[in-house]
Protein chains: 2
Amino acid sequence: MTGDTTDPQGTAALRPSSRVTLDDVARHAGVSSATASRALGDHPHVAEATRRRVREAAALLDYVASPEATRLAGGPTGRVAVLVPHPSRWFFGELIEGLEAELRAAELDLVLFRVGGPEERHAFFARLPARRGVDAVVVLAFAVDEVEHARLASLGVVVVAAGGRVASYPSVGIDDHRAGRQAVDHLLHLGHRRIGMLAGGDEQRLSPDPDGRASAWRAALRDAATEPDDDLVVTVPWDGEGGAEGMSRLLGLRAPPTAVFAHCDEMALGAMRTLRRAGLRVPEDISVIGIDDHPLAALTDLTTVAQPVREQGRRAGAMVLDTLRGGPPPRVPPAEMLPTRLVLRGTTSPPGVPR
Amino acid sequence: MTGDTTDPQGTAALRPSSRVTLDDVARHAGVSSATASRALGDHPHVAEATRRRVREAAALLDYVASPEATRLAGGPTGRVAVLVPHPSRWFFGELIEGLEAELRAAELDLVLFRVGGPEERHAFFARLPARRGVDAVVVLAFAVDEVEHARLASLGVVVVAAGGRVASYPSVGIDDHRAGRQAVDHLLHLGHRRIGMLAGGDEQRLSPDPDGRASAWRAALRDAATEPDDDLVVTVPWDGEGGAEGMSRLLGLRAPPTAVFAHCDEMALGAMRTLRRAGLRVPEDISVIGIDDHPLAALTDLTTVAQPVREQGRRAGAMVLDTLRGGPPPRVPPAEMLPTRLVLRGTTSPPGVPR
DNA sequence: CAGTCCCCCGGAAGCGCTTCCAACGCCGCG
DNA sequence: CGCGGCGTTGGAAGCGCTTCCGGGGGACTG
């Protein structure tokens with residue numbers, strides 16, 4: 001609108017950050033762009049003096065390589081895709097934070113893909129190779145089948161899983177069985193024997209044994225010489241509403257449990273709402289324990305088994321870096337398991353007199 | 001390993017999805033790559049029939065342009081950066097979900113940047129021009145100064161804000177003042193007069209008037225012929241711990257409030273923990289109201305003012321698309337304000353007898 | 001002292017896409 | 001019926017960088 005017209009060429013050089021190219025640097029250092037590239041890229045066969053000269057020229061001119069050109073010419077993209085089922089859930093957000101920190105430090109960009117269900121996941125994998133926009137894929141608490149994994153691997157895309165683990169590729173997670181035992185054993189120690197379980201529906205959750213937390217419940221009960229009663233386990237969505245719903249089913253039993261083990265804190269919180277509405281006191285009438293140590297667990301005095309979620313994201317990021325930097329992945333994909341710990345708060349106590 | 005050797009050219013077309021280039025599409029459609037580019041890029045001067053043919057070929061071959069090449073040649077990158085302070089907080093996760101959905105539908109990638117404080121933000125903006133890897137930047141509940149905005153604009157990067165708004169660029173958010181009034185007026189209607197406020201510390205939060213929620217509290221009280229008492233407002237971090245801490249300060253007052261308005265649900269929940277520990281009942285002894293309608297608010301029966309967070313993300317995405325597609329932004333940056341609504345639950349009630 | 005290796009470095013060919021420029025054929029008007 | 005013109009399309013030149021390939025010295029060896 002003002003005199004600020006198109007200005008075909010002319011003042012191009014004046015424009016704020018008109019790009020300094022590798023050629024500029026090369027010219028300035030008195031070498032060819034090929035040499036400049038090698039010097040800057042820490043390649044061998046470049047005289048130390050030359051390298052220094054190029055470096056200085058680059059610094060002087062405030063040179064920054066164009067990522068596009070670099071990548072076009074064959075370099076890595078510097079991007080990693082992250083597949084997330086529910087970005088708004090604390091667990092995933094936390095994982096993302098850890099991942100982002102690690103990736104950012106290595107100058108890698110995190111491209112987020114929301115992948116809700118199997119079909120969406122499929123769609124993602126179908127397109128990804130074509131757009132080959134990333135060097136690696138991090139899958140959060142989500143399964144990837146062998147076929148998909150093989151496909152990516154053959155395309156040179158590294159895959160890492162976080163928040164769970166699978167045999168075929170590197171992963172970080174917790175020992176679900178162990179975490180489950182920590183929770184259930186705690187209840188058992190308190191004297192509970194009739195322990196209900198709010199199991200998370202296996203959307204497409206990763207896990208060593210497909211059902212570590214649930215199996216822990218069974219094992220713990222058996223170890224306590226109590227036969228697990230399948231009526232006491234209800235499978236519901238991994239959220240508050242799921243927990244609330246599950247709890248009311250549990251309350252509908254002829255012999256309701258005296259304690260409940262929820263697979264995650266949100267579910268536990270949902271269960272507590274149902275209990276409150278039913279006029280039952282926690283923990284006097286019924287104990288509740290979850291897994292995660294969600295920040296709100298602290299606020300609601302929920303006893304839980306804490307897992308280092310952000311750290312899992314961070315470790316996953318480190319795995320990506322290792323694999324990216326250090327050639328091919330090791331024969332046996334590492335499966336890190338981070339420790340969990342029982343956090344005692346106010347929602348568990350010894351059982352009252354049975355009715 | 002098998003007979004699946006290098007295969008220089010030959011079966012190229014057969015290989016799963018080894019890069020399909022624009023030339024492939026062009027050849028398939030029987031046109032030149034120049035025409036193919038124009039057809040795909042919605043440029044004028046392309047016969048409709050040709051355009052269709054190219055599109056079909058592209059779809060058939062599952063073609064996806066290489067962002068690097070596109071960008072290198074001067075086109076857009078197809079990527080938008082999202083600056084988020086705390087990815088693990090529900091509010092931001094929700095914003096991201098909405099944004100992702102909208103962006104994904106338009107074939108744009110969402111590159112996530114965690115930006116905790118002003119210095120990190122500065123670092124981001126300082127580097128961006130160099131790596132200029134994105135077409136747009138979406139800033140979540142975060143301020144960007146005029147300088148930074150101008151810089152991006154001159155680089156052709158569009159900026160959009162979500163979860164708040166600022167005069168200088170397009171934004172989506174809620175009317176903070178109005179939301180605050182809804183909350184405080186509710187308390188007033190119930191008969192409360194001594195109303196405390198847990199104000200969120202202004203990290204670098206966006207807002208129309210820098211402090212809509214707080215000013216609403218003042219205005220509402222004045223309208224109710226009650227002089228706001230500054231002792232009743234404490235400013236704390238936007239999280240549960242902040243709320244808990246703030247609440248205990250409020251309880252330390254000689255004349256504690258009979259109701260508390262928290263700037264967000266997490267803070268409200270934190271306040272409730274403090275109250276519980278203090279042996280105070282909610283809402284009998286003290287009422288609590290928040291803002292957000294966090295999923296856990298429903299679980300804890302927290303009365304709150306709901307805001308459509310995911311929708312804000314979606315709208316922000318739409319704004320990005322509009323601006324990207326449709327030339328320069330309008331003279332007056334739009335500032336959408338989405339509606340909020342009071343959600344009555346169990347943490348508010350008329351005040352008891354004052355001590 | 002000559003031969004040979006190795007080091008370093010420059011030339012040049014792309015990577016996949018956009019866009020300027022020119023050419024083509026068609027339509028419509030005079 | 002012929003010519004100008006416009007809508008379409010192809011050719012080609014890069015965008016900035018990496019890397020293969022080959023040549024020229026200098027140092028070292030026989």
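Here is how names work: the chains are called A, B, and so on, in the same order as the sequence lines, proteins then strands, and each is numbered from 1. Please read all numbers here as calculations on a predicted model, not as lab measurements.
A:T21 comes within 4.0 angstrom of the backbone, heavy atoms only, and of no base. Backbone-only engagement by B:T70 is indicated by non-hydrogen atom pairs under 4.0 Å involving sugar-phosphate atoms exclusively.
Per the geometry, CD belonging to A:E68 stands 14 Å off C1' belonging to C:dT18, to the nearest Å. Atom-to-atom, NE2 of B:H43 to C1' of D:dT9 comes out at 15 Å; the value is rounded to the nearest Å. Whole-Å rounding puts the A:L22 CG to D:dT18 C1' distance at 9 Å. Taking atom CG of residue A:L40 and atom P of nucleotide D:dT19, one finds them 13 Å apart after rounding to whole Å. For the pair B:L72 CG and C:dG16 C1', the interatomic distance rounds to 9 Å; values are reported in whole Å. B:D23 places its CG atom 9 Å from the C1' atom of C:dC17, with the value rounded to the nearest Å.
Here A:E100 does not pair with B:R114 in a salt bridge; the nearest charged N to carboxylate O distance is not below 4.0 Å.
A:H86 and A:F92 have tilted rings, their planes meeting at an angle from 30° to 60° on a 0 to 90° scale.
Across A:V54, A:D23, A:L60, a single residue satisfies side chain to side chain contact (heavy atoms under 4.5 Å, CB included) together with A:H28, and that is A:L60.
By the salt bridge (Lys or Arg N to Asp or Glu O under 4.0 Å) test, A:E120 is found to be paired with no residue, residues two or more places apart in sequence or in another chain being considered. Residues that satisfy the salt bridge (Lys or Arg N to Asp or Glu O under 4.0 Å) test with A:R310, not counting sequence neighbours, are A:E94, A:E97. Every residue meeting the salt bridge (Lys or Arg N to Asp or Glu O under 4.0 Å) condition with A:E56, not counting sequence neighbours, appears here in chain and number order: A:R52. Every residue two or more places apart in sequence or in another chain that forms a salt bridge (Lys or Arg N to Asp or Glu O under 4.0 Å) with B:R51 is listed here: B:D42, B:E48.
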task: Any chance you could list the contact pattern along nucleotides 4-10 of chain C? Use B for base contacts, S for sugar-phosphate-only contacts and - for none, protein heavy atoms under 4.0 Å, 5' to 3'.
output: ----SBB
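Note on the helix from C:dC1-D:dG30 to C:dG30-D:dC1: angle between the axes of the first and last five pairs equals 40°, rounded to 10 degrees.
Panel note: side chain B:S37, backbone B:S33; no donor-acceptor pair is recorded below 3.5 Å. Side-chain atoms of B:D135 never come within 3.5 Å of backbone atoms of B:V80 as a donor-acceptor pair (strictly under, hydrogens ignored).
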